[in-house]
Each structure stands twice: as C-alpha cells, then as structure tokens.
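For reference, the structure discussed in these notes is given below.
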Amino acid sequence: MPRTAEAKQRIREEQRAHILEAAKRVFARKGLAATVDDVAIEAGVSHGLAYRYFANKEAIFSALTKQALQAPSADLQRVRDMPGTPGERLKWLLSAFVASRQQPESFLLLGQVLSSQTAPDELRELVRQRSQDLQSTLRQLIVEGQETFEVAAGDPDQLVRALFACVDGLPRWAVYDPEHYHEHFPDAEIFWRLLKP
C-alpha cells in the first residue's frame, strides 16, 4: 500500500530532525571546520541524503543556530507578562535558563557562532541580540526583585554577568567531563540562592 502524503511528510521531517541532531554534535565539536560528510557519517546517512535536506554546511549551521535560539529561556516576553512577583518570575527564568544548558551542544554551537571568523554576520547578530535580550530581562527582574526585597542588593549588571558566567560555563564542563555532566548537573535552586538576600 503506498504511503500517504502525510506519512511521507512525517518521514521527511523525522529525517531532517535526525540530520540536525547529528549536525549539532558535529558542529559543537568541530565548529565551522565540520563538513557535510562529517554530518552524514554522524547521522548514519548517505552524503546525498544530507544534501537533499540541506544545500550546504552553511544551511545546516544556520538551521541549527536558529533552532538553538528557540530554547525555553528565549521566550522572554512571556516572562515579562507572566503573573507573580519579580522574584517568582526571575526564579522561573533561571530555571529555564539552567535547564536549557542540559543539552550543551546547542550552547557550544552558539559559542562557535560568536567566536568563528567565518560565521555569517547575520547569525552572529542574531545570537548577540538574543543574549542582550536575555541579559536585559534578567537585569530588569533583578532590579524589580531588589525593590521588593526578593533579590540581594548589589549592582544588577554585576549580578547578571555573574549569572551568565556561571550558567554559560556549564556547557564547557560537558566538554571536559562528558561522562559526569548530567550526573552532577546543578539544580537551578543553586543559582537562585546566589541572588537571594
């Protein structure tokens, strides 16, 4: 019995997602030095099949970068609009921010975008803008939380940078100790304690 159009579409979407997952691992390790062949080998598919879904490695890299920018912590307007005190909203955002680092490949990839001389300017700007939006939202919630005495006093810009340094360091830990990365992954509550008065 021939496949329906919906079944064919589902298979195409699954194959594309499988190739992107493999590419995420490859680009996190190799950066833009990775090739479509590297991705095809990691995915266990033919070189030709990889090209059926992506015209070149730049298309794969671009798709991965845009996918990584859709992490839960990226829904910043939702955080600004959600009910609750500034501290409650900040705690929710910290939880999403930390949880998104449990898949370190995406954030290693974003680091590649920022550090590579050959990464497209458009992608570099997207990553920079998303980071600035996140920092701005964190800062706003810290200031509001300081006003309600839910967050420790101190320079909000320094607190944001301290949080970023801690949380963004987590994916690098995965490179140095991949076997134990998830086993001892810190709970978001630890980061929240850094901000409590």
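Quick note: residue numbers are just sequence positions, from 1. None of these values were measured; they are calculated from a predicted model.
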**Request:** Please list, chain by chain and in numerical order, all residues satisfying side chain to side chain contact (heavy atoms under 4.5 Å, CB included) with R139, sequence neighbours excluded.
**Result:** V143, P156, D157, V160

**Single hit among F191, W92, F164, W192 for ring pair (Phe, Tyr, Trp, His ring centres under 6.0 Å) with F97** = F164

**Message:** Looking at R52, I want to see if its CZ is surrounded by more than 12 non-hydrogen atoms of other residues, nucleotides or ligands under 6.0 Å.
**Reply:** no

**Message:** So, taking the atom named OG in S95 and the one named CG in L90, what distance separates them when rounded to the nearest 0.5 Å?
**Reply:** 9.5 Å

**Asked** Are L20 and F54 close enough that some pair of their side-chain heavy atoms sits under 4.5 Å apart?
**Response** yes

**Request:** Test K66 against L126 for side chain to side chain contact (heavy atoms under 4.5 Å, CB included), laying out the working first.
**Result:** CA-CA 8 Å; K66 290 173 183 173; L126 279 173; 4.2 Å; yes

**Asked** Heavy atoms, side chains only, cut-off 4.5 Å: are L134 and L93 in contact?
**Response** yes

**Message:** With a 4.5 Å cut-off on side-chain heavy atoms, are Q112 and L32 touching?
**Reply:** no

**Item:** Exam field: side chain H47 to backbone V36, donor-acceptor pair closer than 3.5 Å
**Value:** no

**Prompt:** Going hydrophobic residue to hydrophobic residue with side-chain gaps under 4.5 angstrom, can you get from I190 over to L195?
**Reply:** no

**Complete:** All heavy atoms of A28 vs all of L108, minimum pair found to be CB-CB, 3.9 Å

**Request:** Answer with yes or no whether the hydrophobic clustering places Y51 together with F27; edges join I, L, V, M, F, W, Y residues whose side-chain heavy atoms lie under 4.5 Å apart.
**Result:** yes

**Item:** Atom pair CG/CG of D133 and L138 - distance to nearest 0.5 Å
**Value:** 11.0 Å

**Item:** Cationic N near anionic O, under 4.0 Å, E14 to R10
**Value:** yes

**Item:** Considering all heavy atoms, the nearest K57-A34 contact
**Value:** CD-O, 3.0 Å

**Asked** Who are the side-chain hydrogen bond (donor to acceptor under 3.5 Å, both in side chains) partners of E150, not counting sequence neighbours?
**Response** T85, T148

**Request:** Verify side chain to side chain contact (heavy atoms under 4.5 Å, CB included) between Q15 and R12, making sure each step is shown before the conclusion.
**Result:** CA-CA 5 Å; Q15 190 66 267; R12 281 192 294 272; 5.8 Å; no

**Message:** Filter on side-chain hydrogen bond (donor to acceptor under 3.5 Å, both in side chains), then keep only pairs touching residues 21-34, sequence neighbours left out; what's left?
**Reply:** E21-K24, R25-E42, R29-E42, K30-D38

**Item:** Approximate separation, where rounding is to 0.5 Å, of R89 CZ and D81 CG
**Value:** 9.0 Å

**Message:** Donor-acceptor pair, distance only, cut-off 3.5 Å: does the side chain of N56 make one with the backbone of A59?
**Reply:** yes

**4.5 Å side-chain heavy-atom contact, V79 and L141** = yes

**Prompt:** For the side chain of S136 and the backbone of Q132, is there at least one donor-acceptor N/O pair under 3.5 Å apart?
**Reply:** no

**Prompt:** What is the distance from atom OG1 of T65 to atom CZ of R130, rounded to the nearest 0.5 Å?
**Reply:** 12.5 Å

**Prompt:** Are I11 and I19 connected in a single hydrophobic cluster, I mean Ile/Leu/Val/Met/Phe/Trp/Tyr linked by side-chain heavy atoms less than 4.5 Å apart?
**Reply:** no

**L159 vs L163, side chain to side chain contact (heavy atoms under 4.5 Å, CB included): CA-CA, chis, key distance, verdict** = CA-CA 6 Å; L159 292 172; L163 281 173; 5.7 Å; no

**Prompt:** Donor-acceptor pair, S62 side chain versus E58 backbone, under 3.5 Å?
**Reply:** no

**Item:** Least distance between heavy atoms, P86 atom then G145 atom
**Value:** CB-N, 3.6 Å

**Request:** Would you check if the side chain of Q146 reaches a backbone N or O of G154 as a donor-acceptor pair within less than 3.5 Å?
**Result:** yes

**Message:** Quick check against the 3.5 Å criterion: does S131 have a side-chain atom that pairs as donor or acceptor with the backbone of V127?
**Reply:** no

**Message:** Would you say that E189 contacts L94 through its side chain, given a criterion of any heavy-atom pair below 4.5 Å between the two side chains?
**Reply:** no

**Derivation of the side chain to side chain contact (heavy atoms under 4.5 Å, CB included) call for I60 and V26** = CA-CA 11 Å; I60 298 172; V26 170; over 6 Å; no

**Side-chain touch R124/L114, heavy atoms, less than 4.5 angstrom** = yes

